[in-house]
S.K.: 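Pasting a structure here, questions to come.
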Amino acid sequence: MPVSWTLLIVLALAAVGYVVTRARAIAQAGGDVRRLHSRPSYHGWHAALLTALPALFLIAIWRFVQPSAEVTLLTPLALLLAAAGLAFALIRTAPGFRARNAVESMVKGLLILCSIIAILTTAGIVFSMLFETGHFFQKYSWQDFFFGTTWSPKFGGGSQLGILPLLWGTIYISLIALAVSVPIGLFAAIYMSEYASVRLRSVAKPAIEVLAGIPTIVYGLFALITVGPALRDWFAQPMGLGSSASSVMTAGLVMGIMLIPFVSSLSDDIINAVPQSLRDGALGLGSTQSETVRKVVLPAALPGIVGAVLLAASRAIGETMIVVLGAGAAARMDLNPFEAMTTITVKIVSQLTGDNDFAAPETLVAFALGLTLFVTTLVLNIVALYVVRKYREQYE
Amino acid sequence: MNDMTLLERSVEQTEIKISAQDVQVWYGEKHAIKDVNVDLLDKTVTAFIGPSGCGKSTFLRCLNRMNDTIESCRVGGRIALDGEDIYDRRVDPVQLRARVGMVFQKPNPFPKSIYDNVAYGPRIHGLARNRAELDEIVEKSLRGAALWNEVKDRLGEPGTGLSGGQQQRLCIARAVATQPEVLLMDEPCSALDPIATSQVEELIDQLRAEFSVVIVTHSMQQAARVSQKTAFFHLGNLVEYGNTDDIFTNPRDPRTESYISGRIG
Amino acid sequence: MNDMTLLERSVEQTEIKISAQDVQVWYGEKHAIKDVNVDLLDKTVTAFIGPSGCGKSTFLRCLNRMNDTIESCRVGGRIALDGEDIYDRRVDPVQLRARVGMVFQKPNPFPKSIYDNVAYGPRIHGLARNRAELDEIVEKSLRGAALWNEVKDRLGEPGTGLSGGQQQRLCIARAVATQPEVLLMDEPCSALDPIATSQVEELIDQLRAEFSVVIVTHSMQQAARVSQKTAFFHLGNLVEYGNTDDIFTNPRDPRTESYISGRIG
Amino acid sequence: MSDATIEGAPRATQPKSSLLVADPHTRRRHAAEARFRAYGLGAIVISMVMLVVLLFTILTGGIGAFRQTYLEIPVTLEDAQLDKNGNRDPADLRKVLTLTYGKLLQQSLEKVVADKGIAIADLSAKDLSGLISKEAPARLRDQVLANPDLIGQTITARVLVNGRIDGYYKGRVTMDSALRDANTSPAQLQLADALKAQGMLATKWNWSFLTSPDASDQRPEAAGVGIAILGSLYMMLVVLVLAVPIGVAASIYLEEFAPKNRWTDIIEVNISNLAAVPSIVFGILGLAAFINFGGLPQSAPIVGGLVLTLMTLPTIIIATRAALKAVPPSIRDAALGVGASRMQSVFHHVLPLAMPGILTGTIIGMAQALGETAPLLLIGMVAFVKNFPSAPPEGLFEPASALPVQVYNWTQRADPAFIERASGAIIVLLVFLLCMNVLAILLRRRFERRW
Amino acid sequence: AAARDQIQISGSSTVLPYATIVAEAFGENTDFPTPVVESGGSSAGLKKFCEGVGENTIDIANASRPIKDSEKEACKAAGVTEIMEVRIGYDGIVFASDISGNDFAFTSADWFNALSAQVVKDGKVVANPYTKWSEIRADLPDQEILAFIPGTKHGTREVFEEKVIAAGCKESGAAEVFNTELGEEAGEQACLSLRTDGKSVDIDGDYTETLARIQSAKNGIGVFGLSFYENNTDKLKVATIGGIQPSTESIASGEYPVSRPLYFYLKKQHIGTVPGLKEFAEFFVSDDLAGAGGPLASYGLVADPELAATQKAVADEVTIAQ
Ligand SMILES: Nc1ncnc2c1ncn2[C@@H]1O[C@H](COP(=O)(O)OP(=O)(O)OP(=O)(O)O)[C@@H](O)[C@H]1O
Ligand SMILES: Nc1ncnc2c1ncn2[C@@H]1O[C@H](COP(=O)(O)OP(=O)(O)OP(=O)(O)O)[C@@H](O)[C@H]1O
Ligand SMILES: [Mg+2]
Ligand SMILES: [Mg+2]
């Protein structure tokens, strides 16, 4: 692969640039680095970055614009650019040169670039779904989609594709999952950071994190084989709430278990980061440890905890396997938690991976569902941001 | 109430409030407090003086078991409050700390409103029956700490947005609001101007009528002004303990003398 | 080195180091500093005095743009260092802060070893060519801050495990190690015993030979002892500024007088 | 100015209480404390119990995949069948299909049965041929093609037996179930028992589960996770190399440098929203952006890695930002005060303090990425792949599968033997995860401290 | 990147096992690398197939239904103009219940009456009142109605609706009553609307899920593919439809009514550029593999009686009209 060779050469040049420029800066200062505006290593980095970055960008853009085109021209161009960067850096090196500022602005540029990736991802997601969503709404009326209360896709046409039952299922299951995971996760985090011995904590935290790594299919099968029938036999049937083995409750409970580490581990880190002086202040006034936690530590850690809960909620919304195996595939609007229901995400997956005509509304609806979900969660996130802003307690 | 306070103040009190015997403190390997024996009297202000790093704060924190929160810290010996060993297994540090309050060396206001900072103690101890009573306690405490005038219009703003000295007074108000029997104050006036200092000293004097106060200070003048008893620490040892007057006029130990005479302001 | 210092000290210096004109500071709605005009001289110790909460720290933080980090804080007016506006867009606050060092009111050591705390500044500014030089700088700074003897055996231990006064001296050492042209010290001796205080004051006096020092203090005595110029702040206003002797013996403003006469220790 | 009133702080008249006796109010608070603590402990216990239950089910279900039943029989590689021309020409040898080798093995087995005098009622020819895995002929053929000199010799071939027989020795198949099972019969099981008694058939540790590629639905006994491990490894490399630095860099910018304005609000909301995007949507994006637009190949770990990177980024960013937020501002002030630049204060002081949170985000994000199937579905990695990809970087562009994909695939297959394989693959996945996490967890413990 | 040397296949998960069996054998017995077989559903497979021509598009799409006209058009628009359609055989669809439960002998009408939202009782259209099989027909066992049927994503559902429910609707005479009572269109709809009270459970997952559900609800009856049943005869008991036992033979002969054809579609434009593509297609439909005694049949594929014609079409590279 010539491109990877080019890459290697560019990186090697950058390394050379670092060494040479650093030495040159020291030499210019007559060995006394105090006469330099910036430390010699900043001069080195300046050269390395100037050598590598433009060339790397060239390669990246080239590859992106013309993926399969000839690369023979690319290599010399990239190397030329790298050499030019190196030369420029060498010329600029002088005791008074603000190498640190230059390096820091380049690094800042890189940091900005990285945060732009998030925006690009969003744009990519929206664009990759917008087009097909448009197709969908050409074939299916938007009123029926947004306000329809029945979800029953059919192969021969005449499907009813109302989003409401799916939306309801999504909300219901996520709420139950959060009702399980947030208290358990939060209490676990509190216990680990405030009460537990170092040994217990060093075992419990990674152990709980394993819960996040168990493939969801395991949870799904656990819901299907163990939890579902148990709930049916012990709760639903005795209470006269139906005899469905798959239910919102099953999926919610099992998903809740999966989400525990999302809440517990992140919260634990945040709680741990609350300065000890705040705890001392509360304890010194004669609070019990739990009062300290509830009234001082948790409010101070609130933004991070909300972030953790949001992350858990996000996972709950995005989960498929547990819902399919735990809650079933029936779209239904019902208050009974022991009834089978399903979520938007499940239907996105199943309509995308089904056997339908790929240009039919039954398949395209997946994109509309995806986009709608995207917008819905966006609104939720805006609300969450607003709430956190309002209740944030900044320490120090 | 006022009269009673005045009345009681005149009565000489010699009851022992806290008695420490052979107290030892280690931070890991470091022996920070060595064989300290001292009896702190009720209705008395005791001053702890000594060079920086000699163990004043450490010893103070032993008295209400705040050292429990420092992992590397081990305490030996016996400390009794009203005759009861506070390091007894059955003793609940929470109850202890409610009775032995503390103002820390570094001001550490909660990231809450000024009001909530002061109301925190009364709330958890259920000292106020209703909002009006709570308001009253908060106001009284803030007045006592000479902070009321500066913050009365901004009680809802965060306590962390105050100036250094204001934060210090807020922490004093917060401790006072809890109405402890013994109040441990670690350099409570270090960031205060002379006027605020004198007001806090006045508060200490009032508290003495009913409670016992221990104050750490680097200012000999302050120690002389507010305290009846003084303890001089040096390199983890309690070098000398006695009536403030005696210590300052007639120190027995050469170390005490050199410390006091080396005074500057 | 010592001789040279003595030599230079005798030369009278009246060059203006920092000049502040019409400085205003708001915290959100709150107008914390109002119309402050002051010229701080080179090779001079200037003391800021005033009641707690009057804006001393706020003004101090303006001088090296540490206020940039407080979101709600806005600064107006013009502050010039050696004639250059420090709020100019082209000014790099980093370079400014390297030249105008700061000791904060609340000691804030890094959660690193004592050595690393002090060595941090010299390291990032490249003040030492090698490890030996760095060791030397660290020792000198710690000696200057009167901390060396206490920590020389535990340089590798975390700076956060020191006592309050030790932390304060560590922060002084850390600031001194960076060798700034102007050193802003916000109540640097508040947690220090008299002996340590006098050592730090000696350090300030030495620094004055080459640099400009601004010190916030609540102790009139300290201000009188170490400073040549004194500025008195009250409720955000600079009430009076002049030679220390004049301010203390002959205040022009009644507010200054009442503040100084209200002094206690 | 005098705030202090003459009356000191009032005190509700309280009898002097003993430290050892709690008053009612304190008792109530104690009860609350005990409850609170119990909730915390309960939460940990619940989590641990769930973990143990899940691990137990996985282990009991999957440990069998690491043992496999083999048959060792003498096989005469007859010239007549394998090399009709007798010239050992590789091209000719290749023309001999597995079918022939299958027959060869069947004959050998028949011979063994006859030689050893094994007599079993109702033993049909199908039972006899069905005893040997369909994979066996292929492996024998490979062996012969690799070493044509074997032809004409009698070698002891170590061959896999059919999944049902293997299941019989793992308790999955019983004489009873065999009676009803269309794919085996009691007679076949008896034959296996008889061979076992002769020492020719044994259940042994199964390395090849970790090293061999997937096998088709008819050969559960031969299926392995070799390619899946490689594929997952490649993808995780990509994720680790991209997601962690990019995520941390983005968080640093947003938390420490970005001006707090509408734009950064938008980015912030946007990132939390990305976390809520179902993983399959990232698959849609990956298909559109990387394969259709970017021209990267189908089923390649590089695409999978990129998609998972995008999916993991929000998790890492959210965790990192929360951790950065939690660092007290006084630390930043301290650094700025000695003339450090913002960049230096972040990289020297803030980042190390935020490290535990960053590592937690990494652990959770990577765990999620490692176990994800849905997005891979759309970029072609949920696939049956038989040829190993080469070493990186080329290997990143060659088809591979992944561990969760293997699990997903196997749980869908008809033959119940695959359920055991799936659980086995889950064990491998968890071990993989643990290996990945151990480093992060150790690092995290180093960085954890209170200030 | 280097030219792609392995065949890439995507599409229906029903065809997947057969395709992998063939791919594996192909790789073993030829010098070509083993093709990569993805699953992801007929729809996604065909969509990728129709994405265009070239190295990073797939060569073969498996489908459990014939390609639709709209899809052909999309293909054409993207430049995929020459498509070969290869029918590999038939997938039988069977009804099975737990091995230890009752025996069932169904008719299509039974299924219609059990699962339809509305049924005709005493000449009137009523909401489905049946809760037990025995209420529908006295010879059926006295067992709660609980059916696990394929979810709406599965092609099997279409076959189930068409060949069982719709057929049962006609067979039971309900179709006529619906037509007269509700009108043509609504009547047709009524024939295909299933009850939603939990007696009929959609399964969006796979047959393994259906099996697991039956094992946790022993009175359930599930819809399976024949091959799945054949691999699990020790756990499942199959029901007859109209008295016919499902088997590869009875389905091939057309006696057993519920089955569907399986296909793969091949991009002719890739023949010659992707090594082994044509060989693979020929290998797939050869008698050795797809024939009645071959491994595919032994796995449960119902061999195509017209396999010879298919083999010829593949050899001649016959494309479908677009
Ligand atoms: N971050 C902040 N937000 C809002 N108000 C603030 C903030 N910091 C300080 N203030 C207010 O500004 C005023 C001046 O504060 P500053 O810290 O400058 O006082 P100071 O003179 O240093 O007092 P002290 O001697 O107590 O440290 C005070 O009234 C204080 O409450
Ligand atoms: N957490 C800790 N870990 C280790 N050593 C500590 C810790 N806290 C204090 N020390 C050490 O114990 C000794 C006594 O500290 P202490 O805080 O009691 O001093 P102090 O008398 O309060 O001083 P100051 O007047 O400076 O506040 C000091 O040498 C200090 O360095
Ligand atoms: Mg102290
Ligand atoms: Mg201040």
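A note on names: the letters A, B, ... follow the listed sequences, proteins ahead of strands, and every chain is numbered from 1.
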S.K.: Can you measure from CD (C:E187) to OG (B:S190) and round to the nearest 0.5 angstrom?
M.R.: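 Interatomic distance, C:E187 CD to B:S190 OG, rounded to 0.5 Å: 7.5 Å.
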S.K.: I'd like to verify something: which residue of C:S57, C:C54, C:G164 has the highest number of heavy-atom pairs under 4.5 Å with chain B?
M.R.: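 Looking at each of C:S57, C:C54, C:G164 in turn, C:G164 comes out on top.
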S.K.: Given heavy-atom pairs under 4.5 angstrom as the criterion, report whether the side chain, backbone, both or neither of C:K30 touches chain B.
M.R.: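 Only the side chain of C:K30 comes within 4.5 Å of chain B.
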S.K.: State which residue, out of B:D193, B:I195, B:L192, B:T197, fulfils the side chain to side chain contact (heavy atoms under 4.5 Å, CB included) condition with C:H218.
M.R.: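 Option passing the side chain to side chain contact (heavy atoms under 4.5 Å, CB included) with C:H218: B:D193.
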S.K.: Is C:A191 close to chain B through its backbone or its side chain, or both, or neither, when contacts mean heavy atoms under 4.5 Å?
M.R.: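 Looking at C:A191, backbone and side chain both touch chain B.
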S.K.: Using a cut-off of 6.0 Å, state whether more than 12 heavy atoms not belonging to B:R252 lie near its atom CZ.
M.R.: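 12 or below, so no.
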S.K.: Side chain, backbone, both or neither: which part of C:Q168 has an atom under 4.5 Å from a heavy atom of chain B?
M.R.: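 No part of it gets close to chain B.
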S.K.: Rounded to the nearest 0.5 Å, how far apart are CD of B:Q166 and OG of C:S52?
M.R.: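 The distance works out to 5.0 Å.
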S.K.: To the nearest 0.5 Å, what is the distance between NZ (B:K106) and CD (C:Q105)?
M.R.: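 One gets 12.5 Å once the value is rounded to the nearest 0.5 Å.
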